[in-house]
Amino acid sequence: MRQTLESKRQELIDQLIDAEVFKKDGKQLFELTLQELESEYRLVRARNQSGH
């Protein structure tokens, strides 16, 4: 299970980097929790869908 969580974290980090997101609130992406990464990814997706 731990490997699955780490894989999910890495996938989200990769997707955020692709979207040119490298930090959140002064923290590097690898410092964020899975929940924080998921939240940031949802924000990026919403922003992209709205055309910004």
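Note that this is a predicted model, so its numbers are computed, not measured.
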Quick one: closest heavy-atom pair of Ile17 and Leu29, and the distance?
CG1-CD1, 3.8 Å
Working to the nearest 0.5 angstrom, can you tell me the gap between Leu43 CG and Asn48 CG?
11.0 Å
Hydrogens and angles aside, do Glu36 and Ser39 bring a side-chain donor and acceptor to less than 3.5 Å of each other?
no
The reported gap from CG in Leu16 to OH in Tyr41 (rounded to nearest 0.5 angstrom) is 8.0 Å
Tell me if a side-chain donor or acceptor on Gln49 pairs with a main-chain N or O of Ala46 at a distance below 3.5 Å.
no
To the nearest 0.5 Å, atom CZ of Arg45 lies from atom CZ of Arg42 at 9.5 Å
Would you be so kind as to tabulate the donor-acceptor pairs closer than 3.5 Å made by side chains of residues 7-14, with sequence neighbours excluded?
{"from": "Ser7", "atom 1": "OG", "to": "Gln3", "atom 2": "O", "distance (Å)": "2.9"}
{"from": "Arg9", "atom 1": "NH2", "to": "Phe30", "atom 2": "O", "distance (Å)": "2.9"}
{"from": "Arg9", "atom 1": "NH2", "to": "Leu32", "atom 2": "O", "distance (Å)": "2.6"}
{"from": "Gln10", "atom 1": "NE2", "to": "Asp14", "atom 2": "OD1", "distance (Å)": "2.9"}

Apply salt bridge (charged side-chain N to carboxylate O under 4.0 Å, His left out) to Lys23 and list each qualifying residue two or more places apart in sequence or on a separate chain.
none
Any chance CD of Glu20 has more than 12 other-residue heavy atoms, nucleotides or ligands included, within less than 6.0 Å?
no
Could you list the residues that satisfy side-chain hydrogen bond (donor to acceptor under 3.5 Å, both in side chains) with Lys24, not counting sequence neighbours?
Glu40
